[in-house]
Amino acid sequence: MLVYNSQNHRKQELETIEPDKVRMYVCGPTVYDQIHIGNARTFLSFDVIRRYLMYKGYEVTFAQNLTDVDDKIINRANEEGRSAAEVAEEYSAAFIEQMHRFGILDPDIRPRATREIEAMQEMIALLVERGHAYATDSGDVYFSVRSDHNYGVLSGRELDQLRAGERVEVNEEKRDPFDFALWKAAKPGEPSWPSAWGEGRPGWHTECCAMIHRYLGTPIDIHGGGQDLVFPHHENETAQAMCAWGTALANTWMHTGMLRVNGDKMSKSLGNFFTLQEILDRYPADAVRLLMLQTHYRSSLDFQTDQLDGAVGTLERLRTCVKNLRWAAEHAAAGDGALSEADRALSAAASDAQASFVRQMDDDFNTAGGLAAIFELVTVANRYLDEVGGRTATAVTLRAADTLVELAEVLGLTLEASASELPDELVELAHEHAGYEGTSPDAAAEALLAARQQARANKDWGTADAIRDALTALGLVLEDTAAGARLRRA
RNA sequence: GGCGACGUGGCCAAGUGGUAAGGCAGAGGCCUGCAAAGCCUUUAUCUCCGGUUCGAAUCCGGACGUCGCCUCCA
């Protein structure tokens, strides 16, 4: 399978360090606020990438950090008059909760910066020892970009070019304006840890690097993040790894495209800033997922809320198709076992969908193409149900349903909810309309459907519609199919 | 100023050399007592110009336009 490596701008055959194993790391959030849908898009992309690698049979070890000590956290804590640890804890929990809501699989390893101080200090000490970092009188430790002749390899930048149009941060202690902090001396009241360079805390670029080294070993197969992290974050990470351990940090760098909202860059000043929580409060997680996956992960994604309304219906179409297939298989008239031409066509379509899905996803995780493969099977399946009526071939029909469910699952989309129970109100309703005397909602439903069928047979449309309207009021949809009437949740 | 991405039907979006996937929305039709679900039909030569080629949305050059990064933003 081909994977685009943003370090050399090429799609390359994925060759893992260990056979059939993938070690991957994706930069997690700085936990100072609710994450927004731009963050969510990145995490979703890597969730699907991970799921697909597993689907292909790789044993994936996935690590993602929580940056729980940082300027932004400290600022927020100061504004709110509480400790940085409290702020970090609140938003760490919120992040994990929202990831669960969004259907993102938990990482195998979720290190937190504040618990990895020792590993970071070891790395910093090594960099100082090798002449790639230096401590200042203030107690900061900086990485010396000029000491690394490879600096810029990831982002394709050169220090001197950067300098041309760049305003320079005034800091007389730095040897070069682009030197970045590995360790920051603590100011009063800030969280800090003792070190050889005095009380302080780690710099952002240092965290990921040290955690990767400790938990996954370097190099890893895939390192991911948003495109905006290429420079300076990932550039700095790879520079540290190379200088500290003499190894690349990652063989493949993957970066997701930025998300915009209704045509504009998402920003608080424009008022188009959405948190994941807000969106998931308004729309089903799978609809958001479906919409995002219709765009390739490397493209910028214009997030439009009116498209989201459409995605809700699209998702329903997928689920309805699976339900209809299952229903048809259950209610199929017994046949002689021979497959008709239509049966064989459906069977072939299921195979084709599977093959096409893999072909698309093998090409740098083309989820839009993968979805197209799924929809093509949906269309064929619906046509099949339309044509054969009640004479479906059970095995073939179930296989089509299974294929849809399986492929969608690779994308993290759930097409079949666990069977939900019918509401108790049906009993009362059945008593009223059908003279039902029992207590089982299921039996009540059957009685109601039977009563309505009788009314329809008598052309008593008023009664038939009254029953259907009452069911609708309970959130149930009644559908008349070739094989009889059926109930489903709205 | 430097680095990079992109410009495909009303909207979104796949597609990197052989005559344009898919989704949403719209229109017409079919099925239905009416619905629901679904089916069928219907809308593009790919920003523009030039070049390479038997042949380009796809390669090269140019123009116009949009966007991202270069500020510890996924």
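In what follows, chains are A, B, ... by sequence order, proteins preceding strands, each numbered from 1. Model, not experiment: these values are computed from the prediction.
Comparing atom distances between the Phe231(A) side chain and each of C34(B), C70(B), G38(B) picks out C70(B) as nearest. Nearest nucleotide to the Arg468(A) side chain, out of G33(B), C34(B), C73(B): C34(B). The side chain of Trp461(A) has G33(B) as its nearest neighbour among G38(B), G33(B), A74(B). In the set C34(B), C69(B), A37(B), A37(B) carries the atom at the smallest distance from any side-chain atom of Arg488(A).
Tested against Arg201(A) for a side-chain hydrogen bond (donor to acceptor under 3.5 Å, both in side chains), the candidates Asp71(A), Thr114(A), Thr206(A) yield a single pass: Asp71(A). Of the listed residues (Thr30(A), Leu66(A), Val31(A)), just one forms a side chain to side chain contact (heavy atoms under 4.5 Å, CB included) with Tyr91(A), and that residue is Val31(A). No option in Gln7(A), His234(A), Arg298(A), Gln227(A) other than His234(A) meets the side-chain hydrogen bond (donor to acceptor under 3.5 Å, both in side chains) test with His255(A).
Here Phe375(A) does not count as stacked on G23(B), because the ring centres are not under 5.5 angstrom apart with planes under 30°.
If you check every strand for non-hydrogen atoms under 4.0 Å, Lys323(A) touches nothing. Contact annotation for Asp309(A): no contact, since no heavy-atom pair falls under 4.0 Å across all strands. Residue Arg157(A) is classed as a base contact, given a heavy-atom separation below 4.0 Å to a base. At a threshold of 4.0 angstrom between heavy atoms, the contacts of Arg452(A) include nucleobase atoms, whether or not backbone atoms are also involved. At a threshold of 4.0 angstrom between heavy atoms, the contacts of Gly38(A) include nucleobase atoms, whether or not backbone atoms are also involved. Using a 4.0 Å heavy-atom criterion, one finds that Ser155(A) contacts the sugar-phosphate atoms exclusively.
In this structure, Val477(A) and Thr314(A) both approach RNA chain B, and ranking their closest nucleotides by distance from the 5' end singles out Thr314(A). Where Leu478(A) and Gln227(A) meet RNA chain B, the nucleotide closest to each residue was compared, and Leu478(A) sits on the side nearer the 5' end.
Residues Tyr134(A) and Asp179(A) have side chains that bring a donor and an acceptor to within less than 3.5 angstrom of each other.
Taking the centre of each ring, Phe273(A) and His36(A) come in below the 6.0 Å mark. Between Phe95(A) and Phe43(A), the gap from one ring centroid to the other is short of 6.0 Å.
Between Tyr52(A) and Asp362(A), the closest heavy-atom pair is OH-OD1, 2.8 Å.
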Verdict with supporting geometry, His205(A) and Glu235(A), side-chain contact (heavy atoms from CB on, under 4.5 Å): CA-CA 9 Å; His205(A) 312 302; Glu235(A) 187 69 62; over 6 Å; no

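The distance between atom CZ of Arg317(A) and atom P of A36(B), rounded to the nearest whole Å, is 16 Å. The nearest whole Å value for the distance from the CD1 atom in Ile222(A) to the P atom in A74(B) is 21 Å.
Listed by first residue number, the stems of RNA chain B with at least three Watson-Crick or G-U pairs below 3.5 Å are B:1-7 with B:64-70, B:10-12 with B:22-24, B:26-30 with B:38-42, B:47-51 with B:59-63.
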Sequence-aligned protein contact record of nucleotides 10-21 of chain B, with B where the base is within under 4.0 Å of a protein heavy atom and S where only the sugar-phosphate is: -BSSSS-----B

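Between the His331(A) side chain and the Trp327(A) main chain, a donor and an acceptor come within less than 3.5 Å of each other.
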